[in-house]
Amino acid sequence: MHLDHYTTGTYTPGAPLWKQLLWYFLGDPLIRSQILPFSALKVWILRCFGAQIGKKVRIKPGVRVKLPWRLIVGDCVWIGEDTWIDNLATVTLESHVCISQDVYLCTGNHDWSHPDFQLIPAEIHIQEGSWIAARAAIGPGVTVGRGAVLTLGGVAGRSLDPMTIYSGNPAQPVKKRFIKGFSGKSV
């Protein structure tokens, strides 16, 4: 490959340069801050930069968001310490999703067969009631099915079926998820 010929192709960050700079120098440091523990303020800042965020969202210290204008978060979502949402493409976290600490959500890859190592962004979609456990990683183009679990340190490079618990690298199904005392249709 020839990295000196690398380009991003048709990819664009999706915001004017002034907004990108304001995010990198003001918004991002405030969201990442370890001394600013208030979720409501972090949610407000992310919304100011174009994120779509629902009610009762909890954002812990150290969270990194590459491009807030490509972030969609439902209601009652928890985002744990030191999570990195590396969203060159849209990341959607539906309602009642738990993202534990040190999770990495990566929406960009490269075409290793292309001589110029072309960028390939692809969305991540985590459906309602799913739990991504600590230090797990999810790659570009992955949909995590409703109520699925990716366990500690799991790596998902392909989509995960609903109501299934996955473990390992690459993530493999371990068993179906059952919620005690649950008989309704929502997770």
Side-chain angles (χ1 to χ4, degrees), residues 31 37 39-40 42-43 46-47 51-113 119-187:
I31 297 300
S39 290
K42 292 180 182 200
V43 166
L46 285 165
R47 285 179 180 151
Q52 298 172 46
I53 302 179
K55 298 175 282 193
K56 298 183 180 179
V57 171
R58 299 292 171 247
I59 301 173
K60 294 293 194 165
V63 170
R64 296 170 62 186
V65 177
K66 184 166 273 183
L67 303 175
W69 45 91
R70 289 195 172 143
L71 180 62
I72 301 169
V73 179
D75 296 332
C76 304
V77 171
W78 296 352
I79 303 175
E81 292 89 353
D82 300 318
T83 292
W84 184 8
I85 302 173
D86 192 0
N87 58 335
L88 297 170
T90 301
V91 167
T92 301
L93 309 174
E94 290 186 6
S95 295
H96 304 284
V97 164
C98 178
I99 306 292
S100 292
Q101 58 274 18
D102 282 322
V103 167
Y104 180 50
L105 305 178
C106 178
T107 61
N109 201 351
H110 296 275
D111 182 350
W112 53 78
S113 67
L119 178 65
I120 307 170
E123 297 183 4
I124 291 174
H125 190 126
I126 302 177
Q127 294 180 349
E128 181 180 358
S130 296
W131 175 27
I132 311 304
R135 299 209 168 173
I138 297 179
V142 169
T143 294
V144 175
R146 187 174 170 275
V149 175
L150 181 59
T151 65
L152 178 73
V155 178
R158 60 187 172 97
S159 293
L160 307 181
D161 292 332
M163 296 304 289
T164 305
I165 299 171
Y166 288 82
S167 184
N169 179 6
Q172 298 296 318
V174 175
K175 62 183 176 179
K176 291 305 259 179
R177 180 182 183 193
F178 297 98
I179 299 174
K180 294 176 187 174
F182 178 74
S183 61
K185 289 191 173 196
S186 66
V187 174

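Any value given below was found using the heavy atoms of this structure, including those in side chains, with hydrogens, waters and symmetry copies removed. On a predicted model such as this, the values are computed, not experimentally measured, just so you know. Here, residue 1 is the first one in the sequence, and each next residue gets the next number.
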request  = Grab the two heavy atoms, one from Gly74 and one from Val77, that are nearest each other, plus how far apart they are.
outcome  = O-CG2, 3.7 Å
request  = Apply side chain to side chain contact (heavy atoms under 4.5 Å, CB included) to Val65 and Leu46, showing your working.
outcome  = CA-CA 9 Å; Val65 177; Leu46 285 165; 4.2 Å; yes
query = Checking side chain to side chain contact (heavy atoms under 4.5 Å, CB included) for the pair Ile79/Leu93: CA distance, chi angles, key distance, verdict?
reply = CA-CA 10 Å; Ile79 303 175; Leu93 309 174; 4.0 Å; yes
key: Under 3.5 Å: donor-acceptor pair, side chain of Arg70, backbone of Leu88   = yes
request  = Give a yes or no answer on whether the side chain of Gln127 reaches the backbone of Arg146 with a donor-acceptor pair at less than 3.5 Å.
outcome  = yes
inquiry  = Pair Ile132, Ile126 - check side chain to side chain contact (heavy atoms under 4.5 Å, CB included), show working.
reply    = CA-CA 9 Å; Ile132 311 304; Ile126 302 177; 4.0 Å; yes
request  = Drop me the distance from Asn87's CG to Glu123's CD, to the nearest 0.5 angstrom.
outcome  = 10.5 Å
task = Answer yes or no: does atom CH2 of Trp69 have more than 12 heavy-atom neighbours from other residues, nucleotides or ligands under 6.0 Å?
result = yes
ask   = Considering all heavy atoms of both residues, which atom of Ile31 and which atom of Lys42 are nearest to each other, and what is their separation?
value = O-NZ, 3.1 Å
ask   = Has Lys56 got more than 12 heavy atoms of other residues, nucleotides or ligands less than 6.0 Å from its NZ?
value = no
remark   = Separation between CG (Leu71) and CD (Gln52), nearest 0.5 Å, reads 9.0 Å
inquiry  = Measuring only between side-chain heavy atoms, which start at C-beta, is Val144 closer than 4.5 Å to Ile138?
reply    = yes
query = Can Ile165 and Thr151 be said to form a side chain to side chain contact (heavy atoms under 4.5 Å, CB included), step by step?
reply = CA-CA 7 Å; Ile165 299 171; Thr151 65; 3.7 Å; yes
query = Is it true that a side-chain atom of Thr107 and a backbone atom of Asp86 form a donor plus acceptor pair closer than 3.5 Å?
reply = yes
inquiry  = On a heavy-atom basis, which atom in Cys106 and which in Gly108 lie closest, and how many Å separate them?
reply    = SG-O, 3.2 Å
task = Would you name the heavy atoms of Val63 and Gly80 that are closest together and state the gap between them?
result = CG2-O, 3.4 Å
ask   = Counting only N and O atoms by type, is there a donor-acceptor contact under 3.5 Å from the side chain of Ser113 to the main-chain atoms of Asp111?
value = no
query = Is Asp75 reaching over with its side chain to a backbone N or O of Ser95, donor-acceptor style, under 3.5 angstrom?
reply = no
query = Ignoring hydrogens and geometry, is there a side-chain-to-backbone donor-acceptor pair from Tyr166 to Asp161 under 3.5 Å?
reply = yes
task = Answer yes or no: is there a side-chain heavy-atom contact under 4.5 Å between Asp82 and Gln101?
result = no
request  = Answer yes or no: is there a donor N or O on one side and an acceptor on the other, between the side chain of Ser39 and the main chain of Ile59, under 3.5 Å?
outcome  = yes
inquiry  = Check whether Trp78 forms a cation-pi arrangement with Arg58 (NZ or CZ under 6.0 Å from the six-membered ring centre, at most 45° off the ring normal).
reply    = no
key: Shortest non-hydrogen contact between Met163 and Gly147, atoms and distance   = SD-CA, 3.6 Å
key: Short side-chain to backbone donor-acceptor contact, Ser100 and Ala133, under 3.5 Å   = no
task = Report yes or no: does Thr90 contribute a side-chain atom to a donor-acceptor pair with the main-chain N or O of Ile124 at less than 3.5 Å?
result = no
ask   = Between Ser167 and Val174, what is the shortest heavy-atom contact and its length?
value = CB-CG2, 3.5 Å
inquiry  = Distance check, rounded to the nearest 0.5 Å: Lys66 atom NZ versus Leu105 atom CG?
reply    = 12.5 Å
ask   = With side chains defined as the heavy atoms from C-beta onward, is the minimum distance between Pro162 and Glu128 less than 4.5 Å?
value = no
remark   = One should read off an interatomic distance between Arg64 CZ and Thr83 OG1, to the nearest 0.5 angstrom, of 11.0 Å
task = For the pair Arg135 (side chain) and Val103 (backbone), establish whether a donor and an acceptor sit closer than 3.5 Å, ignoring hydrogens and angles.
result = no
